[in-house]
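Below is one structure, written out as structure tokens; comments come after it.
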Amino acid sequence: MRRQIELENAVAAELAGSKDAVLRALEGHLDCDVFLRGNVLTLDGEAEAVDAAAAVVRELSELILQGHEIAPGTIEAVKRALDAHESPGRILEDVVWRHRATKVSPKTVNQKRYVDSIRTNTITFGIGPAGTGKTFLAVALAAAALSRREVNRIILTRPAVEAGERLGFLPGDLMAKVDPYLRPLFDALHDMLEPERVSSHLERGVIEVAPLAFMRGRAQPISTPVLTPAGFRPIGNLRIGDLVTGSNGSPTPVLGVYPQGRKQVFRVTAQDGASTLCCGEHLWHVFAASDRRRGQPGRVLETRQMMGRLRSFHQHRYELPLLSAPAEFPQAEVPIDPYALGLLLGDGCLTTRTTATFSTLDPELAFALEDALEGVELRRKGYGDYTLRHVHGHRGGVIVANPVTAALRRLGLAGTTSGTKFIPEAYLHNSSEVRIGVLQGLLDTDGGPVTQRGRTCRIQYTTCSERLRDDVAYLVRSLGGVAYCRRRKAHGRPPGRVNGRPVEYRHDAFVMDIRMPAGIEPFRLTRKREIYDSKGGGRPMRFIDSIEPAGAAECVCIQIAAADSLYVAEDFLVTHNTLNDSFIILDEAQNTSPEQMKMFLTRLGFNSKMVVTGDITQIDLPREQDSGLVVVADILKEVEGIEFVRFGEEDVVRHKLVRRIVAAYNEHGQRLAPELRPRAATPRG
């Protein structure tokens with residue numbers, strides 16, 4: 001049968017191609033002869049073959065008219081799509097990534113299914129031979145997601161089994177060590193983006209490329225305190241199901257606990273003196289100045305990425321998030337009203353050698369204290385001095401215990417002086433209303449607003465008790481504020497004057513500058529509250545000040561259920577351990593162990609995608625070691641949100657010789673003895 005098809009001139013020119021390359025490829029993929037004279041294409045052969053060839057030519061013509069460039073590989077893609085009863089246009093028109101002269105789109109039905117799976121599922125496994133575009137398409141989709149700001153970072157990882165996951169003996173820095181093993185990922189990246197942009201993203205942590213072994217280490221030493229509803233607990237004591245405090249102050253359950261072994265650790269210290277220990281790969285959510293200016297949600301960086309880059313134009317570069325709401329603790333009954341306790345800690349005499357007294361020149365505070373203490377009246381005994389008497393304890397009456405004295409003894413405050421006062425545990429670990437009340441009492445007595453021209457109002461608080469200083473810092477931080485402290489030595493300071501006579505200082509003073517978040521009123525005293533409200537309290541900020549080596553320690557990593565994966569460590573530093581808003585690609589996954597695969601998959605954070613690629617016929621693990629990629633297919637095949645896409649030799653889109661090689665190896669593998677065939681999962685009892 002012979003059929004002639006008249007083509008538009010543009011279509012005929014495109015089908016001919018340079019030096020008739022496209023025409024020769026077309027004839028090579030069809031079972032009939034193909035001739036092109038001018039704009040007339042002639043098909044000559046068996047009737048069935050000519051009909052099939054005409055369908056291919058028709059699809060190619062439509063693609064050319066739609067603006068597609070035709071290459072020899074396009075002909076094969078069209079033919080395969082037609083054989084699979086799929087529309088070639090629907091497959092080839094799905095442009096995954098377009099950048100200058102680069103245009104990436106699926107070429108086969110399986111590749112189209114793979115692309116659709118990555119878009120719709122949280123985790124996609126691409127399993128098949130080399131040359132099927134598994135990694136290349138995944139990197140293209142990652143670049144597209146980053147450009148559309150659907151994710152904040154791309155993480156590319158690969159098991160470096162060729163180096164036994166031990167890279168320390170290799171020369172050079174980390175990038176030089178891992179470059180040979182991650183080169184395919186680098187090559188794919190550079191095909192998608194300019195080298196300058198790739199370098200910039202790598203430097204800023206927007207793109208992270210590392211061996212799988214380095215994915216484990218987002219960890220802290222087992223002794224590091226982590227905040228829970230019951231107070232701080234060592235992170236090493238946490239178990240799955242325990243509750244920790246998230247960045248919103250609410251409890252969130254622990255989903256996973258992963259021992260990390262002994263690791264090098266660093267002490268991260270904030271500008272206000274708060275600090276904690278973590279490993280070099282531990283993650284931090286931080287804000288740079290540009291993030292705030294552009295209204296961006298910040299970025300996630302590793303500890304090692306920030307080292308040596310903590311200043312920008314002599315200013316702190318990285319701002320840490322604070323609690324967005326007060327930390328939640330169980331509410332408990334207390335023997336003294338919280339505000340009254342704060343007033344007594346500030347201006348009360350608690351030695352209990354005599355009846356407790358209170359000194360103030362603000363009658364408003366005296367009235368407030370009397371109202372808050374049931375069964376107690378304030379009897380003025382001198383200028384600004386008041387005695388806290390029982391209402392029935394007047395001279396000649398019945399001898400009754402003073403309720404204030406009894407409560408102070410219960411709380412362990414009886415006998416304390418200005419240098420030894422503290423806030424009892426019952427008030428530190430209580431509801432936010434109790435903690436705010438104590439803080440208001442302390443600030444109304446020994447604190448106050450400090451105003452400066454052109455600036456918002458900060459709060460200053462002074463105490464002689466080192467323990468009380470730490471307790472006030474705890475209160476402030478637990479409510480979402482920051483507290484900076486400096487020490488004024490007693491020695492050498494000129495004496496103060498009381499009633500015209502000099503009084504020497506006997507204790508060092510601790511001066512605290514405090515910033516509280518909006519919504520928390522630090523003062524009840526009218527004159528202080530009015531000044532604070534008129535100037536505004538500003539916004540509390542906490543910056544990373546230093547990162548210093550701190551030796552080595554046994555470490556552990558936790559995963560939590562909070563949407564932002566943030567939790568509160570010691571000194572109320574907010575940190576996190578999971579990969580949120582990320583596009584994560586694990587290449588060559590057939591060389592992972594089942595334990596490594598589980599570790600990798602449980603790193604998944606919120607608003608993230610994972611793509612796992614590998615070829616189970618090319619496993620480089622020791623023969624007695626199961627492949628994590630083989631095992632995971634049995635474990636997760638029924639889990640919603642996870643899809644397995646399997647490629648075959650028909651999906652190879654590299655040089656046609658690659659497909660022939662794959663086919664030859666597959667055919668040879670069928671003749672091998674069972675013990676030499678590609679390994680499957682080991683049955684587990």
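Quantities reported herein were computed from a predicted structural model and do not represent experimental measurements. What you see below is based on every heavy atom in this structure, not just the backbone, and it leaves out hydrogens, waters and symmetry mates.
The shortest side-chain heavy-atom distance between T303 and I547 falls under the 4.5 Å cut-off. A heavy-atom distance below 4.5 Å is found between the side chains of M192 and F136. Using a 4.5 Å cut-off on side-chain heavy atoms (C-beta onward), R304 and E281 make contact. Considering only heavy atoms from C-beta on, I544 comes within 4.5 Å of L320 through its side chain. Counting heavy atoms from C-beta on, the side chains of F287 and P321 come closer than 4.5 Å. By the 4.5 Å heavy-atom criterion applied to side chains, F125 and L629 are counted as neighbours. Annotation: side chain of V286 is not in contact with side chain of E319 (no heavy-atom distance under 4.5 Å). No side-chain heavy atom of I560 sits under 4.5 Å from any side-chain heavy atom of L255.
With Q111 as reference, L137 is the one residue of V645, D116, L137 to meet the side chain to side chain contact (heavy atoms under 4.5 Å, CB included) rule.
Using modelled atom types and a 3.5 Å distance limit, the side chains of T124 and S117 yield a donor-acceptor pair.
E643 and R113 are joined by a salt bridge, as a carboxylate oxygen and a charged side-chain nitrogen come within less than 4.0 angstrom of each other.
Environment of CZ in R148: crowded, with over 12 heavy atoms of neighbouring residues, nucleotides or ligands closer than 6.0 Å. Annotation: R197, atom CZ; neighbour count of heavy atoms from other residues, nucleotides and ligands within 6.0 Å does not exceed 12. The 12-atom threshold is not exceeded at CD of E8, counting heavy atoms of other residues, nucleotides or ligands nearer than 6.0 Å.
For the salt bridge (Lys or Arg N to Asp or Glu O under 4.0 Å) condition, the pairs that include at least one residue of residues 585-594, sequence neighbours left out, are R158-D587, R158-E588.
Note on ring orientation: taking the six-membered ring where Trp is involved, the planes of Y114 and F647 are perpendicular (angle over 60°, cut-offs 30° and 60°).
Atom CZ in F644 sits 6.0 Å away from atom CD1 in I127 (nearest 0.5 Å). Taken from CE in M610 to CD1 in I118, the straight-line distance is 13.5 Å, to the nearest 0.5 Å. Taking CD1 of I584 as the start and CD1 of I154 as the end, the distance is 11.0 Å to the nearest 0.5 Å. Separation of atoms CZ (R153) and OG (S608) is listed at 9.5 Å; rounding is to 0.5 Å. Note that CG of N591 and OG of S593 are 10.5 Å apart. Values are rounded to the nearest 0.5 Å. Taking CD of Q559 as the start and OG of S565 as the end, the distance is 7.0 Å to the nearest 0.5 Å.
Under the 3.5 Å distance criterion, the side-chain polar atoms of D634 are left unmatched by any main-chain donor or acceptor of V631. Checked by atom type and distance alone, the side chain of K609 never pairs as donor or acceptor with a backbone atom of S582 at under 3.5 Å. Checking side-chain atoms of T575 against main-chain N and O of L283 turns up a donor-acceptor pair under 3.5 Å.
The two residues Q590 and S627 come nearest to each other via the heavy atoms O-OG, 2.8 Å.
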Problem - Chi angles and distances behind the side-chain contact (heavy atoms from CB on, under 4.5 Å) call for L322, V574 - result: CA-CA 6 Å; L322 297 166; V574 178; 5.7 Å; no
>> For a side-chain contact (heavy atoms from CB on, under 4.5 Å) check, start with the C-alpha distance between H285 and L566, then their side-chain angles and the critical distance, and finish with the verdict.
In response: CA-CA 8 Å; H285 185 273; L566 297 175; 4.0 Å; yes
Checking side-chain hydrogen bond (donor to acceptor under 3.5 Å, both in side chains) for the pair N248/S324: CA distance, chi angles, key distance, verdict? CA-CA 5 Å; N248 60 356; S324 59; 5.8 Å; no
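When the side chain to side chain donor-acceptor pair (under 3.5 Å) test is applied to R119, the partners found at least two apart in sequence or on another chain are D94.
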